[in-house]
Amino acid sequence: MEKLRSLRGMADLLPEATRRWQHIEATALAHFQRAGLAEIRTPLLEATALFARGIGEATDVVGKEMYSFLDRGERSCTLRPEGTASVVRAAIQHGLLAQGSQRLWYGGPMFRYERPQAGRLRQFHQLGVEYLGYADPFTDAEAIAVAWDLLGALGISGLELELNSLGTSADRARYRKILMAWLGERRGGLDEDSRTRLATNPLRILDSKDPGTRALLRDAPSLADALSEESCQRFAAVRQALTALDIPFRLEAGLVRGLDYYNHTAFEITSNQLGAQATVCGGGRYDGLVEQLGGPATACVGWAMGMERLVLLLTRQEEERKAVAPHLDGAPQCYLVSRPGRAALQALALSRSLRARGLAVERDVSGSTLAKQFRRADRSGATWVITIGEAEAEACTARLRHLRRDGVEREFAQGQLPDQLLALVRD
RNA sequence: GCGGGCGUCGCCAAGUGGUUAAGGCAGCGGCUUGUGGCGCCGCUAUUCGGGGGUUCGAAUCCCCUCGCUCGCCCCA
């Protein structure tokens, strides 16, 4: 029979990994709450039109990476490839924006049909933040600070913030013409991909990795020079705020971003330890999106982080620090050993009352010799072992022993044991 | 979608045409049927991702296929 396995690019998270994910999620939740962000959850499945209109028909994400299908009612549905479009849709649909500005965060799986590689899966997970109804440039810096500080709280080092301004759509339309004209005269110097982009999405050429194209671009007219006076001032205010917050950044003229809805501030936080998929967090301002999806004109900033990439970085850094054996993280505090029959039944009841008192308890269910059970108790990483044998069952007592220190064994009435153990655990 | 590397037990792995597919870790059992950590002994792959082919004979050679992985691309 053919072996059943998970689909390509869809990863199982086994207990060892899951502990790391929970740590990131718990850290992020506390961090977001302090930043005054509220959580929003939207469906994984949306109408295809939402992404086509929101992200842009010409983008790679919409053009070739979406998981789309017709449902039983012949409606075109798509597994969300990113979070922002859904959040904006939900905010419009429920009139959230009529109640004033919204600071939201979200998390969960996204789907993109791509060839998997390190830090890139078909089902991947993002943590994202959206500030809806905030035109103030300092908010851009605040949003960036929230991302930057979260990464700091997670203990991730070796990160760089790259920053650019895309200006307004009018600025870009103007620049687009200038760039197309300039590059058009130099077509021959461009790589093949860039030549096709000349017609479809010329700004993306700025992001090309082709050495020939990059060399040519050094003398190209810059987007910064095409920005309006107002856009320039706006960008200056963002930089000023970042400097005041003591967050270092590097101006990156080639940073264009792949989704159509961005304008003004665009940024990425990258790591030098991730290989080809270096971006840990990416985002920017998207002032036109709400209106484009049928809502009131609303200025917004946001970003998204790749969970898998965070996990990759944390794992790598833990390995470098040679952190303690990870299996001990899930170790029970106490391990219950018993003989079969009546004693085992008492052990079952005792384990339940210990858990009710907040202790992490594991009970041996093997029914093998006490020596074996002790061996397993030791391997489980537990600190305490509790024994109920025939004699103890008869007397309704249990023996308590510290596995990691002297191993002195004491006998208590089963009813007293939770209190006794709790007192010992506290010191 | 395009290129490179790889696929032997739950994990790490030796084996590169010849009788029974090393070893280590983990697991299980025993020495020790009421007491762990050490040690010793034993058990755990009719089978080498899958399917064809070559050969007296294949994990080892050839073809196809699937998967993993790295890079391009794309992005979180």
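Letters A, B, ... are given to chains in the order of the sequence lines, protein chains preceding strands, and every chain is numbered from 1. Treat the numbers as computed from the prediction; the structure is a model and nothing was measured.
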Any donor-acceptor pair under 3.5 Å linking the side-chain atoms of A/S86 with those of A/E46?
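There is such a pair between these side chains.
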Would you please say whether a donor-acceptor pair under 3.5 Å links the side chains of A/T397 and A/E411?
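The criterion, which ignores hydrogens and geometry beyond distance, is satisfied for A/E411 and A/T397.
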Would one find a side-chain N or O of [X] under 4.0 angstrom from OP1 or OP2 of [N]?
| X | N | result |
| --- | --- | --- |
| A/R115 | B/G71 | no |
| A/R204 | B/C75 | yes |
| A/Q277 | B/C75 | no |
| A/R375 | B/C28 | no |
| A/R399 | B/G34 | no |

Test: A/R410 cationic atom under 6.0 Å from A/F412 six-membered ring centre, within 45° of axis
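Negative - A/R410 is either too far from the ring of A/F412 or too far off its axis.
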Taking the six-membered ring of A/Y131 (Phe, Tyr or Trp), confirm whether the NZ or CZ of A/R103 is under 6.0 Å from its centre and within 45° of its axis.
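Geometry flag: not set, cation outside 6.0 Å or 45°.
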At less than 3.5 Å, do the side-chain atoms of A/D378 and the base atoms of B/G37 form a donor-acceptor pair?
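Answer no: no donor N or O sits under 3.5 Å from an acceptor.
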Polar side-chain contact A/Q373-B/U35 base: donor and acceptor under 3.5 Å
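Side chain to base: no pair present.
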Any-strand Watson-Crick or G-U partner of [N], both distances under 3.5 Å:
| N | result |
| --- | --- |
| B/G27 | B/C43 |
| B/G71 | B/C2 |
| B/C38 | none |

Nearest whole Å is fine: how far is B/U69 C1' from A/R120 CZ?
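These atoms are roughly 13 Å apart.
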For A/K64 and A/L370, find the nucleotide of RNA chain B closest to each by heavy atoms; which residue's nucleotide sits nearer the 5' end?
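The residue closer to the strand's 5' end, by nearest nucleotide, is A/L370.
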